[in-house]
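Nothing here was measured: the structure is a model prediction, and the numbers come from that model. Order of listing sets the numbers, starting from 1, for every ligand and every atom in it.
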Amino acid sequence: MPPFTPYWNARFLPVAWQKLLQAIEYRPLRSWFYFILQYQAWAHSTGWGPFGNYYEFGTGEGLSLAQYADALRTFCRHTGMPPNRFRIVGFDTFQGLPPTENYRDAHPGLPPGRFAGSTSEIMELLRRKRVITQGVDVRLVEGRFEKSLTPQLLEPLRAYPPSLVNIDVDYYSATSVVLNWLRPLLSSGTIFHFDDLWLFHANPAYGELAAIREFNARGEGALEPFPLFASPAIAGHAFMFHRPEFEWKRDEKAPPPPV
Ligand SMILES: C[S@@+](CC[C@H](N)C(=O)[O-])C[C@H]1O[C@@H](n2cnc3c(N)ncnc32)[C@H](O)[C@@H]1O
């Protein structure tokens, strides 16, 4: 068995080393987040896309959130944009993967309870990364999505609709609940990262892939694979949402937007 493969690491390395290697493995995500911030800032400045609000479903132990925090801090430094213009909303059980009976979720690598991180650990991480101290608005929503993602929760978020959504929840059932709940908040140009798309070897009847297909079949907008910056991490893939009608049309009477 070759060294430093996930298999080898899990068998021979102490947990602290495994965590260090995992953190390194997640680093490409940081550049991806940075490029997406640049891309959406440009689209937003010329009036054709959402910008600035990051939603993460499945915050787990905070590995991907740490990459976003680093990217956002660097982006603010490079552009001079004030951090208090940005928002992060994280959603999780904060108790790890919940048990599930759905056969579309069933994968041997996903035992219940795995990836547990607490709200206090996540807030501490974001404090350490200085996004909270610099004024980024952070909100964590605790609970199983099936219970926590209510119509009432949509209301306060309508003022801050997501521009970038990271779905790292492993299961078909969880992805499906998240996508259906999010739909009224979505505008064309919202970019999604699905972390676990290939867990079932691209079988479209299982996992996140099945949830995306069902979501698209409803016809109230759709997720299309986004080839620009397509694959930020080892397992993930980027998609872009569009509504049935392109809603960022130019207002012919308005003065031209600043370049
Ligand atoms: C792979 S982990 C997330 C890893 C995290 N993004 C990171 O980089 O450290 C998957 C997460 O999805 C959450 N999750 C899965 N199904 C859920 C559900 N139905 N409701 C709430 N959270 C769920 C689990 O609690 C778990 O923390």
Side-chain angles (χ1 to χ4, degrees), residues 6 9-10 15-16 18-33 54-72 88-126 128-129 131 138-150 153 162 164-182 192-200 206-212 215 232-238:
N9 294 350
V15 173
Q18 289 181 41
K19 285 201 182 289
L20 177 71
L21 288 173
Q22 251 184 344
I24 293 169
E25 207 176 281
Y26 266 73
R27 273 184 71 101
L29 206 48
R30 183 180 312 185
S31 326
W32 184 80
F33 283 135
Y54 175 71
Y55 286 28
E56 184 168 290
F57 295 89
T59 51
E61 293 158 296
L63 290 171
S64 48
L65 209 47
Q67 303 303 318
Y68 181 74
D70 285 339
L72 181 59
I88 296 175
V89 192
F91 305 79
D92 205 296
T93 57
F94 296 100
Q95 294 175 8
L97 286 173
T100 168
E101 300 286 300
N102 195 309
Y103 80 96
R104 291 182 201 272
D105 299 338
H107 190 283
L110 305 176
R114 198 166 164 204
F115 309 117
S118 67
T119 49
S120 53
E121 282 163 356
I122 296 291
M123 290 308 262
E124 176 51 31
L125 168 89
L126 293 174
R128 243 184 10 251
K129 294 283 177 188
V131 288
V138 176
R139 179 163 182 198
L140 298 179
V141 178
E142 189 171 0
R144 198 169 171 165
F145 304 140
E146 289 80 347
K147 281 211 158 148
S148 65
L149 302 183
T150 59
L153 183 64
L164 177 53
V165 180
N166 187 11
I167 300 198
D168 187 2
V169 301
D170 302 340
Y171 292 151
Y172 154 81
S173 56
T175 309
S176 187
V177 171
V178 168
L179 287 178
N180 286 323
W181 178 78
L182 265 181
F192 281 70
H193 171 238
F194 289 91
D195 188 75
D196 307 298
L197 213 57
W198 312 118
L199 277 185
F200 295 88
Y206 293 88
E208 295 182 348
L209 213 48
I212 294 171
F215 177 82
I234 292 169
H237 203 286

Angle class for the F57/Y55 ring planes (parallel below 30°, perpendicular above 60°, tilted otherwise)? tilted
Does any N or O in the side chain of N166 come within less than 3.5 Å of the main-chain N or O of E56, such that one atom is a donor and the other an acceptor? no
Of all the heavy-atom pairs spanning S148 and G143, show the shortest one and how long it is. OG-O, 3.6 Å
Minimum-distance pair of heavy atoms, taken over all atoms of E208 and I167: OE2-O, 3.5 Å
Compile the protein residues with any heavy atom at a distance under 4.0 Å from an atom of ligand 1; present them by chain, then by number. Y26, E56, G58, T59, G60, E61, G62, L63, S64, D92, T93, G96, L97, P98, F115, G143, R144, F145, E146, D168, V169, D170, Y171, A174
Determine whether L110 and D196 make a side-chain contact, defined as any pair of heavy atoms from C-beta on separated by less than 4.5 Å. no
Applying the ring-ring contact (aromatic ring centres under 6.0 Å, His included) criterion to H193, which one of Y54, W32, F33 satisfies it? W32
